Number of protein chains: 2
Amino acid sequence: MSRLISQKPIGKVRNMKKQITKDSYHHGDLRKTLLQDATDIIRESGIEGLSLRKLADRAGVSRAAPYHHFKNKNELLCAIAEEGFRQKQRQARKNFDDNTRSMQERFNSFMKDYVNFAFENPELYELMFGRSIWKQQSSTKELRNAAYPCFQHQMAMIKIWQETGLLNDNENTLRLTQVIWGTLHGIAKLMIDGIYIDPTQIEGVCDCAIKVFINFKSTQE
Amino acid sequence: MSRLISQKPIGKVRNMKKQITKDSYHHGDLRKTLLQDATDIIRESGIEGLSLRKLADRAGVSRAAPYHHFKNKNELLCAIAEEGFRQKQRQARKNFDDNTRSMQERFNSFMKDYVNFAFENPELYELMFGRSIWKQQSSTKELRNAAYPCFQHQMAMIKIWQETGLLNDNENTLRLTQVIWGTLHGIAKLMIDGIYIDPTQIEGVCDCAIKVFINFKSTQE
DNA sequence: AATCAATCTTGACATAGTCAAGAATACGGT
DNA sequence: ACCGTATTCTTGACTATGTCAAGATTGATT
């Protein structure tokens with residue numbers, strides 16, 4: 001039976017947009033739709049612009065429907081961030097695996113790509129590294145399973161850069177990885193939030209950071 | 001007339017805690033009380049644990065009372081962060097002005113103090129550098145007037161460290177300041193949020209960061 | 001004492017997250 | 001084709017919260 005002739009109270013006939021994709025009681029693939037719509041909303045209006053109710057509305061379902069696909073809002077956010085980490089890692093891997101370029105070039109790109117990712121996806125980046133999904137006990141196992149390999153991969157790259165002499169080989173790889181990630185993360189955050197680093201300055205700041213790590217060679221204990 | 005014999009509906013006699021400090025219609029110094037209580041709540045329960053209603057309750061006033069002292073929640077948060085920046089700068093200044101120690105020692109302390117501040121005041125730090133108060137148009141002029149000098153001061157210190165040969169003098173001071181702040185900020189954030197850096201590792205990470213900047217000397221363009 | 005501005009209160013509204021109970025539908029087995 | 005069950009979705013309700021408007025209370029100033 002079509003939705004439009006069901007016994008629903010007239011006037012609440014659903015959301016105008018949507019009758020294209022859906023007309024039946026069951027949505028089809030609500031989970032995917034929610035993820036997609038949520039990602040769009042976040043990109044446009046930020047995390048605080050996303051509410052499950054508006055999201056449900058946009059998908060043409062009732063407010064409680066999303067709860068059959070995500071335990072709560074937090075899990076939805078985790079799932080979105082999860083995809084962000086995967087996307088980020090694809091980018092990093094693609095860059096590092098390009099054998100046509102020197103290690104130095106790849107290191108430069110790695111650094112710039114990181115900051116550029118944050119610049120181009122500020123809201124997603126804020127979500128991925130924001131406290132909302134990481135604060136105690138709120139990150140899902142899936143999220144951690146997507147975020148941790150990112151770090152592992154970076155550590156693997158840095159180890160190779162150390163071994164090939166591009167980066168200081170005397171320094172503990174884990175520590176160096178943490179400092180480099182910290183530097184990139186800090187620069188990205190400051191820029192995104194508009195504190196102390198203006199977007200127009202990224203290029204220069206990034207270059208400076210690259211120089212710092214490349215020239216960090218002699219380890220005088 | 002005492003509050004307790006006023007015509008208020010019995011049973012809503014206010015919040016139990018508080019009759020010590022207040023009994024009259026007017027609070028006395030509500031603004032200060034709100035700031036203090038809010039700071040405490042944030043320290044204990046984080047920013048998301050703070051609601052204006054609970055805050056009003058705790059101060060023994062009605063929910064709308066705070067609005068006569070702060071335009072809205074955002075302005076309250078900005079005021080708290082503002083004090084955080086002042087506190088932070090007092091710390092930095094005190095460290096740098098200690099002439100009994102070498103520049104190297106002061107630089108080390110500067111770095112460690114930064115991260116320690118974040119470690120000891122995680123919630124305040126999150127507020128100070130969180131997007132909630134910095135996202136477009138939400139930072140107050142007062143907040144900016146407290147946060148900007150912090151950066152200026154750090155830049156002044158770095159300039160001196162460059163001139164005395166502790167840090168690379170060939171590098172643009174602004175850029176170097178941005179990179180160092182970025183590094184500290186990133187490390188602090190990652191640690192606080194529990195991503196990639198465990199609190200037990202701070203010491204080592206911090207040492208590594210210090211080494212990186214101290215050994216960054218020869219600027220090979 | 002009268003008046004004004006500051007301060008505080010109640011009532012109300014809108015948004016939001018979430019859950020319980022029940023309705024509609026799909027689906028696999030007979 | 002039929003039926004029971006699992007899945008998916010809906011309505012109604014509850015709680016928490018930020019915020020405002022209108023009015024009450026009070027201290028201060030004339």
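Just so it is clear: chains get the letters A, B, ... in the order the sequence lines come, proteins before strands, and each one is counted from 1. Computation of the quantities below employed the complete heavy-atom set of this structure, encompassing side-chain atoms and omitting hydrogens, waters and symmetry-equivalent molecules. This is a predicted model, so every value here is computed, not measured.
Taking the nucleotide of DNA chain C with the nearest heavy atom to each of B:Leu30 and A:Leu52, the more 5' of the two is matched to B:Leu30.
The side chain of B:Arg53 sits closest to D:dG18 out of D:dG18, C:dA16, C:dC8. Nearest to the side chain of B:His68, among C:dT7, C:dT10, D:dT11, sits C:dT7. When the nucleotides D:dC9, C:dT9, D:dG18 are ranked by their closest atom to the side chain of B:Val61, C:dT9 comes out on top. Taking every side-chain heavy atom of B:Arg63 into account, D:dT19 is the closest of D:dT19, D:dT8, C:dT9. Of all nucleotides listed (D:dC9, C:dA16, D:dG18), C:dA16 comes nearest to the side chain of A:Lys54. For A:Ser62, taking side-chain heavy atoms from C-beta onward, the closest of the listed nucleotides C:dA16, D:dT11, D:dT8 is D:dT11.
Here C:dA12 presents its P atom at 18 Å from OH of B:Tyr67, a figure rounded to the nearest Å. Taking atom CG on B:Leu34 and atom P on C:dT7, their separation rounds to 12 Å, with Å as the unit. To the nearest angstrom, C1' of C:dT15 lies 15 Å from CD of A:Glu48. A straight line from CZ of B:Phe70 to P of C:dC8 spans 12 Å, rounded to a whole angstrom. What separates CG of B:Asp57 from P of D:dT17 is a distance of 10 Å, to the nearest Å.
Of the residues in residues 125-144 of chain A, not one comes within less than 4.0 Å of DNA chain C through any heavy atom. Within residues 71-82 of chain A, the residues approaching DNA chain C are A:Asn72, A:Lys73, by heavy-atom distance under 4.0 Å.
Ring geometry for B:Phe129 against B:Tyr114 counts as tilted: the plane angle lies between 30° and 60°, on a 0 to 90° scale. Between B:Tyr196 and A:Phe151, the ring planes lie parallel to each other; the angle is under 30°, not in the 30° to 60° tilted range. Ring orientation note: the planes of B:Phe107 and B:Phe110 are tilted relative to one another, at an angle of 30° to 60°.
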Can you check ring pair (Phe, Tyr, Trp, His ring centres under 6.0 Å) on A:Trp161 and A:Phe213, steps first, answer last? CA-CA 11 Å; A:Trp161 283 326; A:Phe213 289 107; over 10 Å; no

Checking A:Met128 against A:Lys88 for the side-chain contact (heavy atoms from CB on, under 4.5 Å) test, could you report, in this order, the C-alpha distance in whole Å, the side-chain angles of both residues, the deciding distance, and whether it holds? CA-CA 10 Å; A:Met128 289 165 62; A:Lys88 196 157 170 5; 3.8 Å; yes

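When atom types are taken as modelled, the side chain of B:Asn95 and the backbone of B:Arg106 share a donor-acceptor pair closer than 3.5 angstrom. Judged purely by atom type and a 3.5 angstrom limit, A:Asn72 uses its side chain to pair as donor or acceptor with the backbone of A:Glu75. Within the 3.5 Å criterion, the main-chain N or O of B:Arg175 finds a donor-acceptor partner in the side chain of B:Asn172.
An OP1 or OP2 oxygen of D:dT7 is reached within less than 4.0 angstrom by no side-chain nitrogen or oxygen of A:His69.
Taking 4.0 Å as the cut-off between side-chain N and carboxylate O, A:Arg86 and A:Glu82 count as a salt-bridged pair. Using a 4.0 Å cut-off between charged nitrogen and carboxylate oxygen, B:Arg90 and B:Glu83 count as a salt-bridge pair.
In this structure, B:Arg131 CZ and A:Ile195 CD1 are separated by 10.5 Å, a value rounded to the nearest 0.5 Å. The structure places OG1 of A:Thr183 at 12.0 Å from NE2 of B:His185, a figure rounded to the nearest 0.5 Å.
Comparing the helix axis at one end of the helix from C:dA1-D:dT30 to C:dT30-D:dA1 with that at the other, each defined from 5 consecutive pairs, gives an inter-axis angle of 0° (nearest 10°).
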